[in-house]
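Below you'll find the structure, written out as structure tokens, and then a few comments.
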Amino acid sequence: METISGSCRLGLWHVHVYWNGDLVSRIRFSRTGIDGSVPLLIRQYCAGKPVDLRSFVSIAIQDNTPYSRIYRAVQKIPYGKTATYGEIARQVGTSPRVVGQAMARNPTPLIIPCHRVVAANGIGGFSPDIEIKELLLAREKRNRRKNRDTSA
DNA sequence: AACGTACACTTAT
DNA sequence: ATAAGTGTACGTT
């Protein structure tokens, strides 16, 4: 089993992806790119298409880490929708603060869509830069509206 | 191995 | 406006 790495563009950022088939072991954001390939669906998502990434498996839910229940709950949030830290916490029986902690340590953002987890009164945080979360949420919201308009 | 501190939050004073 | 509750990680003894 060989892990493939590569990066693609997302706005001003580069998304580095380490993967093997449907299994994604790591995703991180950087100002610079690296050589190598990225799965088609992830490339399309980064290009702004409304792609459902739930067909991928994150190492974060395959492993049995203390946060895995939280990651599983977060992965169920569909494209264009959001949940609050508190809602996720209630689902898995922990506290909102812990959910934030799990998001901060998410090894595979996008696959585990931590950008769809927002604060009860605000957007919440995101690393390395909140602008990525803002971009993704704005884009998903826009695409969701577009889908609604064209599907009725 | 224990201890203190730092968090991508929320809810109740 | 402030404080308490919460679970994990990480650095310092």
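Quick note on labels: first sequence line is chain A, next is B, and so on, each numbered from 1.
Rounded to whole Å, atom C1' of B:dA8 lies 15 Å from atom CG of A:Leu136. Here B:dA8 presents its C1' atom at 16 Å from CD of A:Glu131, a figure rounded to the nearest Å. Between the CD1 atom of A:Ile70 and the P atom of B:dC9 there is a distance of 13 Å, rounded to whole Å. Atom C1' of nucleotide B:dA12 and atom CG of A:Asn121 are separated by 14 Å, given to the nearest angstrom. A:Met103 has its CE atom 13 Å from the P atom of C:dT8, to the nearest Å. Separating the CZ atom of A:Arg69 from the P atom of C:dG7 is a distance of 14 Å, rounded to the nearest angstrom. Whole-Å rounding puts the A:Arg90 CZ to B:dT11 C1' distance at 11 Å. One can place CZ of A:Arg105 at 7 Å from P of C:dA9, the figure rounded to the nearest angstrom.
In this structure, the nucleotide among B:dA8, B:dT10, C:dG7 sitting nearest to the side chain of A:Val98 is C:dG7. Out of B:dT10, B:dA8, C:dT6, the shortest distance to the side chain of A:Ser127 is found at B:dA8. Taking the side chain of A:Pro66 as heavy atoms from C-beta on, and the options B:dT11, C:dT8, B:dA8, the nearest nucleotide is C:dT8. Listed nucleotides: C:dT8, B:dA8, B:dC9. Nearest to the side chain of A:Tyr67: C:dT8. Side-chain proximity of A:Ala104 to B:dC9, C:dT6, B:dA8: nearest is B:dA8.
Within 6.0 Å of atom CZ in A:Arg72, more than 12 heavy atoms from other residues, nucleotides or ligands are found, so the atom counts as buried in its surroundings.
For the residue pair A:Tyr71 and A:Gln62, no side-chain donor N or O sits within less than 3.5 Å of a side-chain acceptor on the partner. Under the 3.5 Å distance criterion, with hydrogens and angles disregarded, no donor-acceptor pair is assigned to the side chains of A:Asn106 and A:Tyr67.
Across all strands, A:Gly124 comes closer than 4.0 Å to no nucleic acid atom at all (heavy-atom distances). Within 4.0 Å of A:Thr94, counting heavy atoms only, lie sugar-phosphate atoms of the nucleic acid but no base atom.
Pairing for B:dA1 goes to C:dT13, judged as Watson-Crick or G-U wobble with the two contacts each under 3.5 Å. Shown here, C:dT6 forms no base pair; nothing in the strands shown gives a Watson-Crick or G-U wobble contact with both key distances under 3.5 Å.
The phosphate of C:dT6 (OP1 or OP2) has no side-chain N or O of A:Arg97 nearer than 4.0 angstrom.
Of all heavy-atom pairs between A:Ser127 and A:Phe29, the closest is O-CD1, 4.5 Å.
As rounded to the nearest Å, C:dA4 and B:dT5 have P atoms that lie 15 Å from one another.
Not one N or O on the side chain of A:His16 forms a donor-acceptor pair closer than 3.5 Å with the backbone of A:Cys8.
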